[in-house]
Q: 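Questions regarding the structure given below will be posed in turn.
All values below come from the heavy atoms of this structure, side chains included, with hydrogens, waters and symmetry mates left out. Ligands are counted one by one from 1 in listed order, and the atoms in each one are counted from 1 as well.
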Amino acid sequence: MAALLKRPLKLALVQLATGSDKTANLSRARSRVLEAAQQGASLIVLPECFNSPYGCQYFPKYAETLLPSPPSNEKAPSFHALSALAKEANAYLLGGSIPEYETSTEKYFNTSLMFNPKGELIATHRKVHLFDIDIPGKITFKESEILSPGNKITLVDLPEYGRIALAICYDIRFPELATIAARKQCFLLLYPGAFNLTTGALHWSLQARARAMDNQVYVGLCSPARDMEASYNAWGHSMVVDPNAAVMTEAGESEEVVYADLNEDKIQETRKGIPLQGQRRFDVYPDVSEGKIDFERA
Ligand SMILES: NC(=O)CCC(=O)C(=O)O
């Protein structure tokens with residue numbers, strides 16, 4: 001089988017402490033991304049809503065207009081900061097996510113932007129599954145009050161390395177996206193995300209390890225640092241999980257950059273030991289990655 005990951009890759013997750021000052025968030029992100037690049041990372045990830053506090057009340061205030069692309073500096077300072085930073089760091093940069101406003105539809109989205117080491121935009125992912133939950137006495141959150149969902153799976157080819165998939169936070173709870181990405185030869189699934197103190201304790205690590213275990217790929221989750229003064233308390237614990245579902249590195253709760261060295265051998269070793277790829281029974285259940293599920297057969 002052709003290698004999924006053509007050469008070793010150092011991945012960095014920047015668990016950024018974000019606040020209400022967008023310019024300060026961008027500047028902090030810059031220092032941490034450059035620090036990660038200095039440590040040799042060639043793929044660097046920022047958290048969900050890295051340029052703003054996370055919360056429905058903040059989305060309109062912090063939203064940037066990204067289309068038509070490239071947007072103006074005035075309408076999309078984070079876009080331009082990320083592009084310049086990817087170039088300065090000479091690394092692939094997944095700019096966590098930012099609130100986006102689309103003028104033509106008057107809709108808001110939670111959007112990830114990914115840049116190559118030349119500072120060129122190579123992918124955009126709008127969060128597909130909006131975070132609408134209600135756990136009485138614990139947490140109620142309704143992104144859909146403000147945001148609209150994206151409508152596509154986002155796979156990105158990094159020519160020197162291979163293919164990765166991008167999604168955002170709550171998207172991780174929908175294993176179909178991960179399964180399809182793995183079936184389409186991704187070696188890594190990246191999720192900038194801001195779980196909270198209730199679901200973080202229950203499911204953050206479990207989701208990361210489950211997506212890695214099911215698909216025998218690397219998984220990276222990048223959270224904002226925890227801020228108990230904020231209206232939403234992010235879980236933290238950014239982590240990278242290997243294709244055998246072992247946690248390779250895990251941040252604490254404060255601002256921190258964590259690193260992991262990814263290689264093809266671990267993918268092959270895992271898949272050789274537990275050869276799920278050749279054992280699937282598509283005669284018993286349909287291949288979800290083909291995108292045509294015939295429920296009549298059930
Ligand atoms: N920002 C999010 O999508 C949060 C998702 C979350 O906390 C979860 O439990 O899922």
Side-chain angles (χ1 to χ4, degrees), residues 13-20 25 29 45-63 78 94-100 107-113 124-154 165-179 181 189-212 214 219-228 230-239 241 250-251 253:
L13 307 177
V14 177
Q15 182 164 293
L16 195 73
T18 54
S20 56
N25 292 333
V45 183
L46 288 163
E48 182 177 27
C49 286
F50 82 94
N51 70 357
S52 67
Y54 179 65
C56 287
Q57 68 275 37
Y58 302 112
F59 296 140
K61 180 173 172 211
Y62 288 84
S78 302
L94 172 54
S97 77
I98 62 170
E100 175 196 357
K107 286 180 177 174
Y108 291 95
F109 300 93
N110 187 341
T111 303
S112 278
L113 300 170
T124 301
H125 178 80
R126 287 172 168 168
K127 191 173 190 174
V128 171
H129 304 92
L130 297 180
F131 178 45
D132 287 3
I133 67 165
D134 183 17
I135 307 176
K138 300 279 189 191
I139 175 167
T140 300
F141 203 102
K142 205 156 186 229
E143 273 190 326
S144 65
E145 275 174 1
I146 305 284
L147 301 181
S148 297
N151 291 318
K152 69 169 176 69
I153 293 174
T154 306
L166 314 180
I168 303 175
C169 204
Y170 199 59
D171 283 336
I172 200 173
R173 289 188 180 271
F174 300 85
E176 292 85 350
L177 281 189
T179 303
L189 315 176
L190 285 177
Y191 299 91
F195 270 42
N196 51 81
L197 303 195
T198 301
T199 63
L202 285 169
H203 296 150
W204 173 260
S205 165
L206 183 62
Q207 292 284 346
R209 296 188 60 215
R211 298 295 83 80
D214 289 348
V219 173
L221 269 57
C222 186
S223 171
R226 189 176 299 173
D227 175 3
M228 294 311 289
S231 55
Y232 183 92
N233 311 125
W235 177 239
H237 295 274
S238 298
M239 63 169 59
V241 179
E250 177 174 353
E253 286 144 17

Q: What do the steps show when you test Lys152 against Thr154 for side-chain hydrogen bond (donor to acceptor under 3.5 Å, both in side chains), and what is the final call?
A: CA-CA 6 Å; Lys152 69 169 176 69; Thr154 306; 2.8 Å; yes
Q: Answer with yes or no after comparing the ring centroid distance for Tyr54 and Tyr232 against a 6.0 Å cut-off, counting only values under it.
A: yes
Q: Does Arg226 reach the main-chain N or O of Trp235 with its side chain, forming a donor-acceptor pair under 3.5 Å?
A: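 Present.
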Q: Search all heavy atoms of Asn110 against all heavy atoms of Glu48 and return the closest pair with its distance.
A: ND2-OE2, 2.8 Å
Q: Please confirm whether the backbone N or O of Ser112 pairs with a side-chain atom of Ser97, one donor and one acceptor, at under 3.5 Å?
A: no
Q: Identify, chain by chain and in numerical order, each protein residue with a heavy atom under 4.0 Å from an atom of ligand 1.
A: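 Glu48, Tyr54, Lys127, Phe131, Cys169, Tyr170, Arg173, Ala194, Phe195, Asn196, Thr199, Tyr232.
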Q: Run the numbers on Ser205 and Met239 for side chain to side chain contact (heavy atoms under 4.5 Å, CB included), then give the verdict.
A: CA-CA 8 Å; Ser205 165; Met239 63 169 59; 3.8 Å; yes
